[in-house]
J.: 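There's a structure below that I have some questions on.
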Amino acid sequence: MKSAAAPAGLAAPSGRAAGGRAARQSLLRGLPLLPSLALLAVFLAGPIVYCVYDAFTDAQLTGAAETHFVGLDNFSRAFDDPEFINSLWLTLVFVIGSAVIGQNTLGLSLAVLSEKATRPMRSLTNGVVIAAWVLPEVVAGYLMYAFFYQQGSLNNVLDLLGLPGQNWLYTMPILAVCLANVWRGTAFSMMVYSAALNEVPRELVEAAEMDGAGVWHRLWHVTLPVIRRTVMTNLMLITLQTLSVFGLIYAMTRGGPGNKSQTLPVFMYQQAFQNSAIGYGTAIALVLLVVGALFSVVYLKLLKVEED
Amino acid sequence: MAATDVRPAPGTGHSGPDARPAPATGTARRRIRPARIAVNLVLLVISLLFVLPLIWMVCASISSTAGFELSLPSPPTLDNFHAILNTETTFRPMLNGLLLCGGATLLCVVVSILAAYPLSRYRSRLRRPFLYTVLFTTGLPITAVMIPVYSMFVQVELIDSMFATTLFLTASALPIGIWLMKNFMDGVPIVLEEAARIDGANAMQSLTRVVLPLMWPGVTVVTVFTFISMWGNFFVPFVLLLSPEKLPASVSVFTFLSAHDQTQYGQLAAFSVVYTLPVVMLYLLLTRKLGGGFALGGALKG
């Protein structure tokens, strides 16, 4: 099976006479890959290539029988557009605030605390946090809308504690959507970190404990270095997931009020479908893709498909 | 409702190739009490904050006078459920969702098993580039692809086609599906397959008779998670489907949300409960049998 000898590639171009049988064999072996290759090529690679083309045209959603090649117009327009710059900033705030700081830190804390908690408490926390994650996106958006609404649960609780309430969705919508995304996404980090913490050698932690290292010291100098790769993987994955969050924000605020929670995906959607500027919308999509691709490359470097 | 029941049952879990015995609770026992109480208190507060929106949903769904404030329904009523349980509002969108997401999940699982086999079993010069590409694709924001997909679908007249939407959903879930499936398949020892080969089985036979039965937990994890993420996906059907009678629940709940006035929060909450129920049930099923998300967490960690 593991015929490390197989010299030719999985989908080696056929026809070359040399080692005909081996080539035919590897072709046969690569056959099961075909359905996935076809689907990925048509539905993912195709649109991405098309995206690159469309971003340089003035394609419109309605009418406009012909589209023209407009070069970099869409991009120069974007970077001159205060609304685009605004949504770029908001995307940055959203990704760093809700993913890198919120989900990541809370997920790690929950995983660490869960290890030290009583069993029922651990089950309760895990259950509740994961329930928020399992909820469909729009339902989560709706529940978070209700939660942050002026007469909603959050203000009810604050009122109960004697703290002043806020019209969250109006005064600080970006904070509200960040917290909503933390609520929805923390489970993922928590699960990934719990799995990783299980792998930390117990002797290592106990040895540090013997040496009199405190909780923080152990976490910082023993646990974190051991799960370093998991931390990076998790950060990368949640960053990428958060970058493309659309339904949650759209259901909560539609990017508003005004454009105070209009992240790139929402801005892109509004330009392409509500203003019918497909070309412009695609240019924004391309920016989003490039940002995602850059993160993806870093993620790949960190992960390094196992050496073999 | 089921929300608080979604328990990952830490003790039962950790199937899959990265299986590990649950950590002994011994060390925790030895902790001094005050610290442990503090930890439990902190977790309790966090849990309460996390569960509040869910409690609101359940309360509002059985209340006749639901608003956004948190209040116990008195008296509880099933009127909201009676109002929404009809073909138009609930059954058809749920069926559409089942067709779209069920079809795409099935396709995705079969296709990714096929793809994972050569990737897990054979060495080749093209293997590594392919895996890199798959991994790279898992990172691309699908949201950004939707506008070009829309333009493309318009040009080849596939807009509003449930079949085409299913295929697109399949493709969007494939990269992570292939990746997870390959990881799970790597956990099946190759020796067993070699024995089957000696007995004269071909590749397809050893895949279906030897490898698959041994990685059943992994396949289940991938299936359930693919389905759950599709069931909740809003943007793809929102953009690619137009006719109201083709919309799945993820989109219809949204139109429901925008079209109704304040008096019907209760019905909306009831619809949300009904729409959420299938994935919670699936998740619970997975949890009972396999340790749920923790198997996924294990397969994803660096």
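Each chain gets a letter, A, B and so on, in the order the sequences are listed, and its residues count up from 1. Every heavy atom of this structure was used, including side-chain atoms; hydrogens, water molecules and symmetry mates were not.
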J.: When rounded to the nearest 0.5 angstrom, what is the spacing between CD in A:Glu137 and CZ in B:Phe235?
T.: 10.0 Å
J.: So what's closer than 4.5 Å to chain B heavy atoms on A:Phe295: side chain, backbone, both or neither?
T.: neither
J.: Run through A:Leu143, A:Val157, A:Val128, A:Leu154 and flag the one making a side-chain contact (heavy atoms from CB on, under 4.5 Å) with B:Leu52.
T.: A:Val157
J.: Determine, step by step, whether A:Phe148 and B:Trp56 satisfy the ring-ring contact (aromatic ring centres under 6.0 Å, His included) criterion, reporting the C-alpha distance in whole Å, the side-chain angles of both residues, the deciding distance to 0.1 Å, and the verdict.
T.: CA-CA 12 Å; A:Phe148 286 108; B:Trp56 175 80; over 10 Å; no
J.: With chain B, which of A:Ala140, A:Ala187, A:Ser153, A:Pro32 has the greatest number of heavy-atom pairs at distances under 4.5 Å?
T.: A:Pro32
J.: Checking A:Asn155 now: which residues fulfil side chain to side chain donor-acceptor pair (under 3.5 Å) with it, not counting sequence neighbours?
T.: A:Trp168
J.: Decide side-chain contact (heavy atoms from CB on, under 4.5 Å) for B:Leu43 and A:Leu124; before the verdict, give the C-alpha distance in whole Å, the side-chain angles of both, and the deciding distance to 0.1 Å.
T.: CA-CA 9 Å; B:Leu43 286 180; A:Leu124 176 73; over 6 Å; no
J.: For A:Met144, is it the side chain, the backbone, both or neither that has a heavy atom under 4.5 Å from a heavy atom of chain B?
T.: side chain
J.: Got a donor-acceptor contact below 3.5 angstrom from the B:Asn40 side chain to the A:Thr118 backbone?
T.: yes
J.: So what's closer than 4.5 Å to chain B heavy atoms on A:Thr186: side chain, backbone, both or neither?
T.: side chain
J.: Working to the nearest 0.5 angstrom, can you tell me the gap between A:Gln241 CD and B:Thr143 OG1?
T.: 11.0 Å
J.: Sort A:Tyr250 into side chain, backbone, both or neither according to what part of it lies under 4.5 angstrom from a heavy atom of chain B.
T.: both
J.: Under 4.5 Å from any heavy atom of chain A, what part of B:Val251 do you find: side chain, backbone, both or neither?
T.: neither
J.: For A:Ile284, which atoms come within 4.5 Å of any heavy atom of chain B: side chain, backbone, both, or neither?
T.: neither
J.: Would you please test A:Phe273 and B:Phe238 for side-chain contact (heavy atoms from CB on, under 4.5 Å) and show each step?
T.: CA-CA 12 Å; A:Phe273 293 109; B:Phe238 182 57; over 6 Å; no
J.: Kindly assign one of parallel, tilted or perpendicular to the pair B:Phe234 and A:Phe246, based on the angle between their ring planes and the thresholds 30° and 60°.
T.: parallel
J.: Given heavy-atom pairs under 4.5 angstrom as the criterion, report whether the side chain, backbone, both or neither of A:Val182 touches chain B.
T.: backbone
